[in-house]
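Quick note on labels: first sequence line is chain A, next is B, and so on, each numbered from 1. Here the structure is a predicted model, which is why all the values come from computation and not from measurement.
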Amino acid sequence: MVSNNPFGDFRANCEEALEQSLKKLYPSTRFKSLPFEVPLKKEFGELASTALFDLGKNLKIDPRQLAQQVADTISVEEHPLLRAVTVAGGGYVNFHAAFDELSRTTIDSVRSLDAEYGHVKTDRPLKLIVEHTSANPISPLSIGQARNPILGDALARILSARGHHVNRHFYVDDVGRQTAVVAYGHSKLQDIAFDGKPDHYLGLIYTLTSCIIETNRLKQELERNKDSASEATQQLQKQLDEWVSITAVLERKHRSLFKSLLQSLSKDQNLEKIISDLNREYELGEERAKKLIRRVCELSLAGIKETLSKIDITFDSWDWESTFAWNSDVSKVLKALKDTEYVYQEGPVLEFDADRVADNLGLKSKLGLGEDYEIPSLTLVRADGTTLYTTRDIPYSLWKFKRADKVINVVGLEQRLPQMQLRLALWALGHSSKAKNLVHFAHNLVTLPGYKMSSRRGRYITLDQVVEEAIKRAYEEVEKRSPQRSMKEKTAISKIVGIGALKYALAEVDPIKPVVFTWDRVINFERNSAPYIQYSYARARSILRKAEKVEKPNCALLVKPIEHDLVLILARYPEVFIDSAENLKPNSIAEYANLLADKFNTFYNALPAIRAKPKELSEARVALVEATSIVLRNALNLIGIIAPERM
RNA sequence: GGGUCCGUAGCCUAGUCAGGAUCAAGGCGCUGGCCUUCGGAGCCGGAGAGCAGGGGUUCAAAUCCCCUCGGACCCGCCA
């Protein structure tokens with residue numbers, strides 16, 4: 001029999017058995033759901049129920065006695081995956097699996113479902129949009145942001161394996177001050193040669209331009225306030241000092257570029273105004289601005305795409321933010337919002353009263369907020385008539401919901417408030433179901449020890465750098481361990497291993513927790529890493545290349561504890577997968593893959609497969625190896641990591 | 001000041017949402033073994049925490065509630 005969830009079948013057997021038994025013993029008592037848990041020790045079986053603690057308390061009978069009654073009532077013959085039911089502790093009912101049957105079902109199922117094994121389909125397939133990465137097209141992707149594409153891509157793969165129809169969208173954030181800054185800087189430097197990727201070049205221009213503008217602004221402001229020795233002045237001075245020191249570093253590193261940029265910019269009078277004019281013109285869709293800004297965004301984006309394609313991350317749709325500004329979607333939304341009671345004018349500025357929406361619709365507790373917490377208002381329109389990021393995100397969200405039932409925004413933790421305001425805006429507009437189906441998948445950042453990366457300050461390690469280093473280090477490892485392979489093969493392997501290591505390091509940690517960047521952490525080849533799992537896979541494949549093809553293994557011959565362990569882990573993969581997909585937990589797949597690799601290596605070391613005697617045992621073990629290799633590969637693929645045949 | 005999140009061995013991480021078993025799980029590092037013909041990026045063993053601290057709820061708390069402490073993030077006419 002082929003099952004897409006062998007452990008789930010075992011669980012169902014246990015539930016049936018317990019339910020029937022309780023019905024027999026206590027016909028009048030109704031049970032809502034019977035609690036089960038996976039025991040920590042092998043001697044306690046494969047699944048245990050704590051249902052009798054509760055019942056015992058209600059009936060004022062020792063739970064242990066009840067458990068014994070239950071165990072006595074159950075006849076395991078009626079449940080194919082059940083071998084024995086025992087009682088332990090203060091009243092646990094322990095269910096022991098019939099391994100001959102469980103092994104057979106599991107191994108048969110894995111081998112026949114192959115790439116589909118474990119990826120149990122949902123009953124309610126949805127059209128989903130996973131929006132991720134969505135980096136500003138003004139600088140290269142940094143390692144600080146790198147969890148976003150890696151987690152976003154893993155989520156998309158997992159949800160798609162779950163049977164949802166998933167589209168991956170990249171929101172190109174081309175509207176806003178930052179693109180005006182880089183476009184302006186770029187426009188002053190037409191013919192400078194730069195070897196390297198365009199996003200790296202533009203990132204540098206962005207930093208240098210920001211630096212000059214910022215220093216300038218702070219100096220002017222200090223000049224204006226020079227008579228008052230207030231706290232504000234001190235603050236300004238402090239900021240200026242920071243920028244001056246940043247400038248010093250940049251000037252030293254990029255002398256000629258900095259010099260020519262400074263020369264050009266100093267000819268212009270009011271830099272602040274130039275930037276905000278350019279921003280406004282772009283938002284209005286004026287040709288001059290379009291020419292300048294689109295050009296730099298496209299250049300940057302080409303570089304970003306190149307980076308992403310290196311790590312095998314692709315998108316179905318590139319959605320330009322400016323589209324929504326230019327096609328009147330933004331103005332329609334603003335008009336609709338103005339018709340609600342939640343928008344008010346504050347001088348020239350338009351504000352959205354998010355707090356009131358939450359109060360009126362009783363949403364605060366749903367949003368996890370205290371009733372007396374006041375949600376800050378959101379500025380929709382600036383004094384100069386331009387809109388803000390979150391404002392434009394409202395029509396974009398509506399646009400996404402025309403194409404999907406549910407939208408998952410993979411966005412940094414620091415944007416919690418704007419993401420919440422965005423949802424509240426949808427509620428205010430009457431789109432409550434859309435608001436409910438808008439999910440902010442919040443993740444923490446990768447930080448450098450001691451400080452946060454900042455592209456404005458030019459303080460970042462690019463993802464390109466890390467990828468390159470990862471591949472380089474992987475090559476050295478391959479060279480060390482498999483010097484006999486051809487150069488071509490070594491290169492191919494080192495890509496798979498290096499990128500795998502990087503992805504795994506960022507995917508394995510709970511997304512909500514920060515990751516502190518160190519090279520050794522992000523490029524790790526030892527246990528608890530992608531290379532370790534990949535190595536286990538390669539070992540399994542190596543056995544399979546040498547072994548004869550097994551048709552009908554007799555899995556009941558697998559009787560050693562480690563063989564049972566391995567079967568059990570394989571059997572559990574579908575439940576791990578379902579939990580990971582339903583609760584958006586890519587890291588649990590990473591964790592699982594590592595556990596499976598661990599068990600496999602123990603097995604590998606303890607028992608021979610090919611040369612086991614008799615032949616039937618060897619066949620059964622080879623089938624187990626094959627099943628393991630399939631599940632290792634399936635799990636790795638879900639987090640975007642390739643399982644190599646050799647390494 | 002207000003809000004959200006995090007705090008598990010020297011270090012990194014799982015377990016916390018859906019509370020359970022007198023060894024709290026892995027990895028790094030430390031340490032003692034294993035070159036057993038299927039790949040040593042490996043395997044087997046040892047030492048090392050009682051889950052930030054304190055109260056409470058419960059038959060049962062790392063897990064739930066409250067308080068305190070420490071750290072991160074947010075409270076922009078930035079994104």
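You'll find that the side chain of Lys57(A) is closest to U58(B), out of A18(B), C38(B), U58(B).
Look at Lys513(A) and you won't find any side-chain N or O under 4.0 angstrom from OP1 or OP2 of C6(B). Distances shown here put every side-chain N or O of Arg382(A) at or beyond 4.0 Å from the OP1 or OP2 atom of C77(B).
Side chains of Val87(A) and Arg64(A) form a contact here, defined as non-hydrogen atoms less than 4.5 Å apart.
Taken residue by residue, residues 596-604 of chain A places heavy atoms nearer than 4.0 Å to RNA chain B at Asn601(A), Thr602(A), Tyr604(A). Contacts of residues 499-510 of chain A with RNA chain B (heavy atom under 4.0 Å): Val509(A), Asp510(A). For the segment residues 132-148 of chain A, the set of residues with a heavy atom within less than 4.0 Å of an atom of RNA chain B comprises Asn136(A), in numerical order.
Using a cutoff of 4.0 Å between basic side-chain nitrogens and carboxylate oxygens, Glu272(A) and Arg177(A) are scored as salt-bridged. Between Asp277(A) and Arg280(A), at least one side-chain nitrogen of the basic residue sits less than 4.0 Å from a carboxylate oxygen of the acidic one, meeting the salt-bridge criterion. Salt bridge present: Glu214(A) and Arg217(A) bring a charged side-chain N and a carboxylate O closer than 4.0 Å. Taking 4.0 Å as the cut-off between side-chain N and carboxylate O, Lys42(A) and Asp565(A) count as a salt-bridged pair. Between Arg392(A) and Asp174(A) there is no salt bridge, since none of the side-chain N atoms of the basic residue sits less than 4.0 Å from a carboxylate O of the acidic one. Using a cutoff of 4.0 Å between basic side-chain nitrogens and carboxylate oxygens, Glu619(A) and Lys615(A) are scored as salt-bridged. Using a 4.0 Å cut-off between charged nitrogen and carboxylate oxygen, Glu477(A) and Arg481(A) count as a salt-bridge pair.
Straight-line distance between the P atoms of A18(B) and C65(B): roughly 10 Å, to the nearest whole Å.
Residue ring and nucleobase are not stacked for Phe53(A) and A60(B) under a centre distance beneath 5.5 angstrom and an angle between planes beneath 30°.
Val381(A) comes within contact range of no nucleotide atom at all, as no heavy-atom separation falls under 4.0 Å. Looking at heavy-atom distances under 4.0 Å, Leu55(A) makes no contact with the nucleic acid at all.
Checked by atom type and distance alone, the side chain of Thr133(A) never pairs as donor or acceptor with a backbone atom of Ala135(A) at under 3.5 Å. A donor-acceptor pair is defined here as one N or O able to donate and one able to accept, closer than 3.5 Å; no such pair exists between the side chain of Ser618(A) and the backbone of Pro614(A).
A cation-pi arrangement is present between Arg539(A) and Tyr604(A), with the terminal nitrogen or guanidinium carbon under 6.0 Å from the aromatic centre and inside a 45° cone about the axis.
Here C77(B) presents its P atom at 15 Å from CZ of Phe352(A), a figure rounded to the nearest Å. As rounded to whole Å, 18 Å separates atom P of G33(B) from atom CG of Asn605(A). Here the C1' atom of nucleotide C17(B) and the CG atom of Leu584(A) are 13 Å apart, to the nearest Å. Rounded to an integer number of Å, the gap from Glu283(A) CD to C78(B) C1' is 14 Å. Rounded to whole angstrom, the span from the CD1 atom of Ile569(A) across to the P atom of A14(B) amounts to 19 Å. When the P atom of C12(B) is taken as reference, atom CZ of Arg521(A) falls 8 Å away, rounded to whole Å. Atom CG of Asn587(A) and atom P of U16(B) are 11 Å apart (whole Å).
Note on ring orientation: taking the six-membered ring where Trp is involved, the planes of Tyr573(A) and Tyr592(A) are tilted (angle from 30° to 60°). The aromatic rings of Phe517(A) and Trp519(A) stand perpendicular to each other, their planes meeting at an angle above 60°, with 30° marking the opposite boundary.
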Using nucleotides 67-76 of chain B, report all nitrogen or oxygen pairs with the protein that are shorter than 3.5 Å.
none

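Atom CD of Glu374(A) sits in a sparse spot, with 12 or fewer heavy atoms from other residues, nucleotides or ligands closer than 6.0 Å.
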Identify all side-chain donor-acceptor contacts of residues 504-512 of chain A below 3.5 Å with residues at least two apart in sequence or on another chain.
unit_1, atom_1, unit_2, atom_2, d
Tyr504(A), OH, Ala590(A), O, 2.8
Asp510(A), OD1, Ile512(A), N, 3.2

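The structure places CG of Asp384(A) at 9.5 Å from OG1 of Thr387(A), a figure rounded to the nearest 0.5 Å.
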Read 5' to 3' with Watson-Crick or G-U pairs under 3.5 Å, [ ] for crossing pairs and | for partners on another strand, RNA chain B gives (((((((..((((......[....)))).(((((.......))))).....(((((..]....))))))))))))....

